[in-house]
Every structure is written in C-alpha cells, then in structure tokens.
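Values below: every heavy atom of this structure, side chains too, minus hydrogens, waters and symmetry copies.
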Amino acid sequence: AGYAILKNKNIVLVMDVGPSPIQKFSKDYQSGALSFEIISKDKKLINNCGYFADKKNKLNKFSKSSALQNTLIIEDHSSCDFIKNEKSEYVIKKDLKVFKKDIVFEDNYWKISASHDGYYRKFNLLHEREIEFYPKQEKFIGFDKLLRKKIKKNIKFDIRFHLNPNTKVMKTQDNKSILIELEDEGWRFSCDNFDINIDNGLYFGNKNSYIDNQNIFITGISNNQTESIKWQITKI
C-alpha cells in the first residue's frame with residue numbers, strides 16, 4: 001500500500017509514497033520516504049541500496065539511513081531518527097506522514113507526486129517530489145522541492161540516485177551531465193542549476209553482505225522559501 005507502481009512492457013517506475021510505520025512495527029523500516037526505483041527491461045537502473053538485516057552489525061543502522069535511498073537528504077540527516085528499543089533493535093523515534101499524493105498513468109504520460117513532513121520538526125521544511133515519465137521519448141523529469149515558511153538559516157541538501165553495481169558512469173566534460181551505461185543501454189542524467197557528482201557506496205542486495213556500487217548525487221545550499229531542483233534521466 002505504501003508504493004506507487006507504474007509500468008509498461010519496458011519500464012517500471014516505483015515510488016515510496018507511504019507513511020512510516022508506527023514505532024513498534026518499525027524495526028526493519030528504512031527511511032526512504034519518496035524514494036524511487038527505475039527498472040528498464042528487467043534491469044534495475046536506479047535502485048535503493050538494499051537492507052543489511054543483521055541487527056548486531058553497525059551496517060544495519062547504516063542501511064536504514066535516507067542517504068542509502070534514492071531521495072533527498074537535509075544536512076546529512078535521515079527523514080526519520082532511529083533509537084534503540086529494549087531488544088537493541090533500531091526503531092524510529094517519531095513517525096512521518098506522506099500527503100498530497102497524486103498519480104497519473106496514461107499511455108504517453110506518467111506522474112507520481114507526494115510530500116512528506118519528516119524534516120519539519122528539525123528544519124521547518126517539507127519535501128515535495130514529482131516524477132514525470134514520457135514513454136515515447138523514454139525520458140524522466142524529476143522535481144524535488146523544499147518548502148519553508150520562514151528562512152532561519154541556509155541549509156544543505158543532497159539528492160542521491162543509487163545505481164546498479166553493474167553500471168558504468170562517466171561525467172561529461174561540461175560537468176552538466178552524467179552518462180550511465182547498463183549492459184546494452186545508455187542513459188543521460190542531467191541537472192542544470194546545481195552541482196552533480198559521482199560517489200562510491202555500498203549495495204546490500206544479498207543477505208548480510210555488500211558489494212561496491214556508485215551513486216549520482218546533486219548537492220546545493222538553499223536559502224529560499226521554495227527551492228525547486230529539477231533533474232532529468234533520458235535514454236540515449
């Protein structure tokens with residue numbers, strides 16, 4: 001119930017538009033509000049980093065963090081804080097709500113949009129995300145918005161796009177685009193107004209083990225009441 005899934009014969013777009021569970025049911029929750037995945041011809045192009053299930057290992061808590069999901073992170077904080085319960089399991093301190101959900105699914109146009117309040121208490125802001133897909137052009141356009149009533153100080157944001165471990169990536173010379181190669185497919189990631197870079201990460205796709213992967217990330221500083229970050233992923 002927490003996921004919106006749109007698909008045709010080539011592409012699957014999945015977005016987490018559900019609220020967090022209540023605390024007592026949150027021992028396996030990962031703070032991935034509004035995170036998304038893209039599957040192209042049965043291959044994961046954009047995928048979250050998976051879950052490290054062994055609760056005695058520090059990687060368990062790490063794999064729950066928002067930085068390991070394909071979503072926006074404020075000041076290196078996750079959208080939910082975690083605390084230990086009496087069984088030494090990490091559970092969420094306070095739940096978050098998702099609202100303003102909207103889904104459009106037509107032959108030539110898809111859209112999923114929603115907002116969450118996970119950063120409201122700490123930073124007085126809401127995160128709103130909209131992802132559009134144009135099937136004929138095989139083009140995704142994303143908008144991540146930070147909505148604040150009062151500007152108390154500048155805040156740093158990052159948006160992560162984790163990639164399949166089999167993916168090859170390369171930044172273009174103009175620093176405006178990143179080329180993604182996944183087996184026989186090529187895609188271009190771009191963001192005009194903010195810095196984009198490639199980072200190394202960990203992928204927990206197999207139970208209690210990890211391999212290296214890479215992620216694309218957008219980073220910036222916001223001091224506006226409404227900050228809109230537009231990005232694009234296009235098949236080439």
Side-chain angles (χ1 to χ4, degrees), residues 1-6 13-37 46 48-49 51 61-85 89-104 110-132 140-162 191 194 215 217-231:
Y3 292 91
I5 303 171
L6 305 181
L13 172 62
V14 183
M15 188 159 130
D16 183 347
V17 292
S20 61
I22 59 172
Q23 187 184 72
K24 68 178 180 181
F25 296 125
S26 68
K27 67 183 174 66
D28 293 314
Y29 179 68
Q30 294 172 275
S31 45
L34 310 191
S35 65
F36 76 103
E37 297 194 326
I46 305 290
N48 295 316
C49 287
Y51 182 49
K61 187 183 181 190
F62 182 57
S63 72
K64 291 169 172 280
S65 65
S66 294
L68 275 284
Q69 326 302 323
N70 298 313
T71 190
L72 175 132
I73 305 105
I74 299 293
E75 294 284 356
D76 300 319
H77 282 270
S78 291
S79 52
C80 282
D81 289 329
F82 290 92
I83 54 172
K84 272 191 173 179
N85 65 10
E89 299 165 326
Y90 284 103
V91 293
I92 61 173
K93 191 174 175 183
K94 192 94 175 155
D95 54 347
L96 64 75
K97 293 183 174 53
V98 172
F99 48 95
K100 282 176 69 177
K101 282 189 273 194
D102 185 32
I103 297 168
V104 179
W110 306 358
K111 183 182 83 168
I112 306 174
S113 63
S115 303
H116 80 78
D117 65 358
Y119 292 118
Y120 193 77
R121 280 178 291 271
K122 202 168 265 158
F123 300 106
N124 194 36
L125 69 79
L126 300 174
H127 173 209
E128 185 176 295
R129 168 168 273 182
E130 178 178 298
I131 299 176
E132 299 176 316
F140 293 88
I141 299 178
F143 299 91
D144 281 291
K145 286 184 183 168
L146 309 181
L147 306 172
R148 293 199 277 176
K149 284 185 177 160
K150 291 180 183 166
I151 308 300
K152 291 184 178 168
K153 59 177 184 174
N154 292 355
I155 52 163
K156 178 176 88 79
F157 65 84
D158 299 281
I159 308 171
R160 297 271 170 183
F161 303 82
H162 296 277
C191 173
F194 296 93
N215 62 80
F217 71 100
I218 302 170
T219 190
I221 303 285
S222 173
N223 57 5
N224 298 319
Q225 281 189 307
T226 302
E227 190 75 70
S228 186
I229 305 109
K230 180 185 175 187
W231 48 266

Out of curiosity, Leu34 CG to Leu72 CG, how far, rounded to the nearest 0.5 Å?
9.0 Å
Could you pull out all residues at least two apart from Trp231 that satisfy side-chain hydrogen bond (donor to acceptor under 3.5 Å, both in side chains)?
Asp144
Applying salt bridge (charged side-chain N to carboxylate O under 4.0 Å, His left out) as the test, list every pair that has at least one member in residues 13-29; sequence neighbours left out.
Asp28-Lys55
What is the distance from atom OG of Ser65 to atom OH of Tyr90, rounded to the nearest 0.5 Å?
12.0 Å
Side chain to side chain contact (heavy atoms under 4.5 Å, CB included) between Phe143 and Glu132, intermediate numbers included
CA-CA 9 Å; Phe143 299 91; Glu132 299 176 316; 3.9 Å; yes
Could you tell me whether the side chain of His116 and the main chain of Val17 form a donor-acceptor pair under 3.5 Å?
no
If we ignore angles and hydrogens, is there a donor and acceptor under 3.5 Å between the side chains of Ser31 and Ser66?
yes
Is the shortest side-chain heavy-atom distance between Gln23 and Asp95 below 4.5 Å?
no
What distance do Arg148 atom CZ and Gln225 atom CD have between them, rounded to the nearest 0.5 Å?
9.0 Å
Does any non-hydrogen side-chain atom of Lys122 lie less than 4.5 Å from one of Glu75?
no
Nearest 0.5 Å, please: how far is OG in Ser115 from CZ in Arg129?
11.5 Å
Counting only heavy atoms not in Lys145 (residues, nucleotides, ligands), do more than 12 fall under 6.0 Å from its NZ?
no
Under a 4.5 Å cut-off applied to non-hydrogen side-chain atoms, are His127 and Thr71 in contact?
yes
Where Ile221 and Phe157 come nearest, the two heavy atoms and their spacing
N-CE2, 3.9 Å
Which atom pair, heavy atoms only, marks the closest approach of Ile131 to Met15?
CD1-SD, 3.8 Å
Lys156 and Asp76: CA distance, side-chain angles, deciding distance, side chain to side chain contact (heavy atoms under 4.5 Å, CB included) verdict
CA-CA 8 Å; Lys156 178 176 88 79; Asp76 300 319; 3.3 Å; yes
Just by distance, no angles: are the side chains of Gln69 and Ser35 close enough, under 3.5 Å, to form a donor-acceptor pair?
no
Taking the side chain from Asp117 and the backbone from Leu96, do they hold a donor-acceptor pair closer than 3.5 Å?
no
Got a second to check how far Phe123's CZ is from Lys152's NZ, nearest 0.5 Å?
12.0 Å
Roughly how far, to the nearest 0.5 Å, is the CG atom of Leu125 from the CG atom of Leu146?
5.5 Å
Ser79 versus Tyr119, closest heavy-atom pair with distance
N-OH, 3.4 Å
Does some side-chain heavy atom of Asp81 sit less than 4.5 Å from a side-chain heavy atom of Lys94?
no
Heavy-atom nearest pair, Ser222 first then Glu227, reads OG-OE1, 2.9 Å
Derivation and outcome, side chain to side chain contact (heavy atoms under 4.5 Å, CB included), residues Trp110 and Val104
CA-CA 5 Å; Trp110 306 358; Val104 179; over 6 Å; no
Between Asp102 and Lys100, is there a salt bridge with N-O shorter than 4.0 Å?
no
Taking all heavy atoms of Glu37 and all of Asn48, pick out the closest pair and write down the distance.
OE2-N, 2.8 Å
4.5 Å side-chain heavy-atom contact, Ile83 and Val91
yes
Do the side chains of Tyr120 and Leu126 get nearer than 4.5 Å, heavy atoms only?
yes
For a 4.5 angstrom cut-off between non-hydrogen side-chain atoms, does Phe140 reach Ile46?
no
Specify the closest pair of heavy atoms between Ser228 and Phe194, including all atoms of both residues, with the distance to one decimal.
O-CE1, 4.0 Å
Got a donor-acceptor contact below 3.5 angstrom from the Asn154 side chain to the Asn223 backbone?
no
Are side-chain heavy atoms of Phe161 and Phe36 found at a separation under 4.5 Å?
yes
